[in-house]
Participant: 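The structure under discussion is supplied below as structure tokens; questions concerning it will follow.
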Amino acid sequence: MDPGKIKMSGGGEKLEDVIGRSEGKELPEFEDGAFVVESRLKRRKLVGYKFLHKILPENVTRHPIRESVRSIVIVGQNDFDCQEWVEEPTLLVTRFEYANLYHTVTDWYSAYMSSRVTGLPNRPHLVFVDGHCKTQLEETWKALFSSLRFAKNFTGPVCFRHAIFSPLGYETPFFRGLSEEINCRGVSAHDLQQNPDIHKTARVSEFGEMIRAAFGFPVNRHHADKAASGHNVLFVRREDYLAHPRHEGKVESRLTNEQHVFDSLQSWASDHLKCKVNLINGLLAHMPMKEQIRAIQDASVVIGAHGAGLTHMVSATPNTVILEIIGCEFERPHFQLIAQWKGLEYHAIYLDGSYANPQAVILRLNKIMKSLGC
């Protein structure tokens with residue numbers, strides 16, 4: 001890879017230092033020879049247009065994986081220039097919406113699956129082939145993989161013994177499932193091994209276990225552990241935060257009376273006599289990722305308005321129950337599908353607008369708690 005033939009910003013800067021920078025400057029443009037492969041064959045492009053279009057159709061306007069493959073040139077030994085060698089397997093990842101948790105999870109999952117399908121025995125190294133600035137989600141990238149660098153960190157041509165182009169997050173089941181039917185349900189790897197079924201998947205559960213393990217949490221926790229000290233009900237909140245250089249720091253409200261609903265649930269929890277219920281104020285956006293994961297894995301029930309924070313359910317333990325509050329403008333199956341592929345019990349409250357009747361939420365939550373023996 002020759003970073004001098006990839007046009008984009010350096011990447012990895014502090015957000016405050018690049019306020020106002022356009023997205024176009026952060027996404028890569030590749031010259032021919034940005035990537036080269038050594039061979040005894042005559043110098044030529046690695047793939048032709050027809051083959052490339054067949055393997056990577058032009059269903060995304062700006063497809064950096066297709067463009068990077070298009071740029072690959074076969075060269076002889078004399079033209080194979082290396083200033084640095086990377087011996088260990090390395091994932092090459094290009095991100096679009098890198099600051100949003102939902103879209104970042106699709107990138108994590110794509111990188112995870114790339115490692116699995118290529119049979120890598122250990123956590124690979126990772127290179128961002130984009131010029132995005134830092135976000136707090138970067139700490140999870142670093143936890144999940146052996147090392148992290150930006151393509152522009154290299155000062156000259158770098159050679160990889162084993163490079164893997166990770167698919168775009170838009171091409172994972174998390175995103176494609178919104179428009180395509182993916183007919184499978186989640187189950188544990190142990191259960192699937194004992195009872196093979198092509199309509200069941202353990203991949204999303206394994207993915208969540210990988211995230212928990214990366215932060216030092218056990219992967220075999222179950223519902224019984226949670227009930228011992230009372231049931232945690234995690235209310236995932238939507239918070240204002242500065243996401244990227246073009247963001248104003250304000251999030252769109254999905255539940256106009258969110259605070260009222262939370263206060264009502266808090267009152268209900270304090271008066272719940274049959275068992276102890278701990279209502280957790282899920283202000284996740286300003287918590288370190290390890291604490292966010294802890295809050296998810298300790299929850300018996302995760303409740304919240306439709307929003308990226310609910311994507312954390314990929315790290316939920318078995319038997320966690322999901323209750324999503326869905327406004328009329330956000331009737332999308334993002335989190336219902338993740339729950340399905342995780343094998344989690346899922347409930348939804350559909351609103352006529354963006355206002356939720358607190359008593360209706362309490363009634364639904366009370367039924368869920370009764371099903372948990374509470």
Participant: Write down the atom of Ile211, the atom of Ser315, and the distance for their closest heavy-atom approach.
Facilitator: CG2-OG, 3.5 Å
Participant: Can you list the steps and then say if Glu139 with Lys290 is a salt bridge (charged side-chain N to carboxylate O under 4.0 Å, His left out)?
Facilitator: CA-CA 9 Å; Glu139 67 172 304; Lys290 184 171 184 175; over 6 Å; no
Participant: So, do Glu345 and His347 sit near enough that their side-chain heavy atoms are less than 4.5 Å apart?
Facilitator: yes
Participant: Take atom OH of Tyr355 as the centre, draw a 6.0 Å sphere, and report whether it contains more than 12 heavy atoms from other residues, nucleotides or ligands.
Facilitator: yes
Participant: Determine whether Phe335 and Ile322 make a side-chain contact, defined as any pair of heavy atoms from C-beta on separated by less than 4.5 Å.
Facilitator: no
Participant: Can you tell me how far apart CG (Leu372) and NE2 (His231) are? Round to the nearest 0.5 Å.
Facilitator: 5.5 Å
Participant: Run the side-chain hydrogen bond (donor to acceptor under 3.5 Å, both in side chains) test against Asp130 and tell me which residues pass, sequence neighbours left out.
Facilitator: Arg95
Participant: Please tabulate, for the side chains in residues 107-116, all donor-acceptor contacts under 3.5 angstrom to protein atoms that are two or more places apart in sequence or on a different chain.
Facilitator:
| residue | atom | partner | partner atom | Å |
| --- | --- | --- | --- | --- |
| Asp107 | OD1 | Gly169 | N | 3.2 |
| Ser110 | OG | Ser166 | OG | 3.2 |
| Ser110 | OG | Pro167 | O | 2.6 |
| Tyr112 | OH | Arg116 | NH1 | 3.2 |
| Tyr112 | OH | Glu206 | OE1 | 3.1 |
| Ser114 | OG | Ser110 | O | 2.8 |
| Ser114 | OG | Ser166 | OG | 3.4 |
| Ser115 | OG | Ala111 | O | 3.1 |
| Arg116 | NH1 | Glu206 | OE1 | 3.0 |

Participant: Is the distance between the ring centroids of Trp85 and Phe160 under 6.0 Å?
Facilitator: no
Participant: Output yes when a side-chain donor or acceptor of Lys342 lies under 3.5 Å from a complementary backbone atom of Ala316, and no otherwise.
Facilitator: yes
Participant: Where is the tightest heavy-atom contact between Ala356 and Asn257, given as atom of each residue plus distance?
Facilitator: O-ND2, 2.7 Å
Participant: Do other residues, nucleotides or ligands put more than 12 heavy atoms under 6.0 Å from the CG atom of Asp17?
Facilitator: yes
Participant: So with a 6.0 Å cut-off around CD of Glu331, is the heavy-atom count from everything else above 12?
Facilitator: yes
Participant: Quick one: pull up CD1 in Ile293 and OG1 in Thr140 and give me the separation to the nearest 0.5 Å.
Facilitator: 6.5 Å
Participant: For a 4.5 angstrom cut-off between non-hydrogen side-chain atoms, does Asn281 reach Arg237?
Facilitator: yes
Participant: With salt bridge (charged side-chain N to carboxylate O under 4.0 Å, His left out) as the rule and sequence neighbours excluded, what pairs involving residues 148-169 come up?
Facilitator: Glu84-Arg149, Glu87-Arg161
Participant: Quick check on the hydrophobic clustering: are Leu363 and Leu255 connected, directly or via other members, by side-chain heavy-atom contacts under 4.5 Å?
Facilitator: no
Participant: Counting only pairs under 3.5 Å, give me each side-chain donor-acceptor contact of residues 71-79, with atom names and distances, residues two or more places apart or in other chains.
Facilitator:
| residue | atom | partner | partner atom | Å |
| --- | --- | --- | --- | --- |
| Ser71 | OG | Ser68 | O | 2.7 |

Participant: I need the minimum non-hydrogen distance between Trp341 and Cys184, along with the two atoms involved.
Facilitator: CD1-O, 3.3 Å
Participant: For the CD atom of Gln336 and the CG atom of Leu178, what is their distance to the nearest 0.5 Å?
Facilitator: 11.0 Å
Participant: Quick one: side-chain hydrogen bond (donor to acceptor under 3.5 Å, both in side chains) partners of His334, sequence neighbours excluded?
Facilitator: none
Participant: Please answer whether the main-chain N or O of Arg123 pairs with a side-chain N or O of Ser146 as donor and acceptor at a distance below 3.5 Å.
Facilitator: yes
Participant: Are Val361 and Arg364 side-chain neighbours, meaning at least one heavy-atom pair lies under 4.5 Å?
Facilitator: no
Participant: Under the criterion side chain to side chain donor-acceptor pair (under 3.5 Å), I'd like the reasoning laid out for Asn232 against Asp298: C-alpha separation, chi angles, the key distance, then a yes or no.
Facilitator: CA-CA 7 Å; Asn232 284 1; Asp298 289 346; 5.0 Å; no
Participant: Return a table of donor-acceptor pairs under 3.5 angstrom between the side chains of residues 301-311 and protein atoms on other chains or two or more places apart.
Facilitator:
| residue | atom | partner | partner atom | Å |
| --- | --- | --- | --- | --- |
| His306 | ND1 | Glu324 | OE2 | 2.7 |
| Thr311 | OG1 | Ala308 | O | 2.6 |

Participant: Answer yes or no: is there a side-chain heavy-atom contact under 4.5 Å between Val233 and Ile280?
Facilitator: no
Participant: Going by heavy atoms in the side chains, are His312 and Val236 under 4.5 Å from each other?
Facilitator: no
Participant: Which heavy atom in Glu13 sits nearest to a heavy atom in Ser9, and how many Å separate them?
Facilitator: OE2-CB, 4.4 Å
Participant: Scan residues 180-194 for pairs that pass salt bridge (charged side-chain N to carboxylate O under 4.0 Å, His left out), counting only residues two or more places apart or in two chains.
Facilitator: Arg176-Glu180
Participant: In terms of hydrophobic clustering (I, L, V, M, F, W, Y; side-chain heavy atoms under 4.5 Å; direct or indirect links), are Phe330 and Tyr350 co-clustered?
Facilitator: no
Participant: With heavy-atom distances below 4.5 Å as the criterion, would you say the side chains of Leu126 and Phe128 are in contact?
Facilitator: yes
Participant: For the side chain of Glu138 and the backbone of Gln136, is there at least one donor-acceptor N/O pair under 3.5 Å apart?
Facilitator: no
Participant: Taking Thr94 for its side chain and Pro64 for its backbone only, find out whether a donor-acceptor pair lies under 3.5 Å.
Facilitator: no
Participant: Considering only distance and modelled atom types, tabulate donor-acceptor pairs under 3.5 Å from the side chains of residues 260-269, sequence neighbours left out.
Facilitator:
| residue | atom | partner | partner atom | Å |
| --- | --- | --- | --- | --- |
| Asp263 | OD1 | Gln259 | NE2 | 2.9 |
| Ser264 | OG | His260 | O | 2.9 |

Participant: How long is the gap from CG on Asn278 to OG on Ser300, to the nearest 0.5 Å?
Facilitator: 9.0 Å
Participant: So, applying side chain to side chain donor-acceptor pair (under 3.5 Å) with Tyr170, which one of His63, Glu97, His103 is it?
Facilitator: Glu97
Participant: For Asp197, give me all partners under side-chain hydrogen bond (donor to acceptor under 3.5 Å, both in side chains), at least two apart in sequence or on another chain.
Facilitator: none
Participant: Mind checking side-chain hydrogen bond (donor to acceptor under 3.5 Å, both in side chains) for Glu88 and listing every partner two or more places apart, or none if nothing turns up?
Facilitator: none
Participant: Could you tell me which residues satisfy disulfide bond (SG atoms under 2.5 Å apart) with Cys82, sequence neighbours excluded, listed by chain and number?
Facilitator: Cys159
Participant: Check whether Phe217 forms a cation-pi arrangement with Arg212 (NZ or CZ under 6.0 Å from the six-membered ring centre, at most 45° off the ring normal).
Facilitator: no
Participant: So, Thr104 side chain and Tyr98 main chain: donor-acceptor pair closer than 3.5 Å or not?
Facilitator: yes
Participant: Can you tell me how far CG of Leu234 sits from CG of Leu323, rounded to the nearest 0.5 angstrom?
Facilitator: 12.0 Å
Participant: Are Leu92 and Ile65 side-chain neighbours, meaning at least one heavy-atom pair lies under 4.5 Å?
Facilitator: no
Participant: Just list the side-chain donor-acceptor pairs under 3.5 Å for residues 30-44, sequence neighbours left out, or say none.
Facilitator:
| residue | atom | partner | partner atom | Å |
| --- | --- | --- | --- | --- |
| Asp32 | OD1 | Lys45 | NZ | 3.4 |
| Asp32 | OD1 | Arg70 | NH1 | 3.0 |
| Ser39 | OG | Leu41 | N | 3.0 |
| Arg44 | NH1 | Leu46 | O | 3.4 |

Participant: Minimum heavy-atom separation for Val129 and Ala151, please, with both atom names.
Facilitator: CA-CB, 4.2 Å
Participant: Under a 3.5 Å threshold, yes or no: a donor from one side chain and an acceptor from the other, between His125 and Thr90?
Facilitator: no
Participant: Might you point out which heavy atoms bring Ala99 and Leu137 nearest each other, and give the distance in Å?
Facilitator: O-CD1, 3.5 Å
Participant: Rounded to the nearest 0.5 Å, what's the gap from CZ on Phe175 to CD on Glu171? Could you check?
Facilitator: 10.5 Å
Participant: Between Arg238 and Glu258 (salt bridge meaning N to carboxylate O under 4.0 Å), is one present in this structure?
Facilitator: no
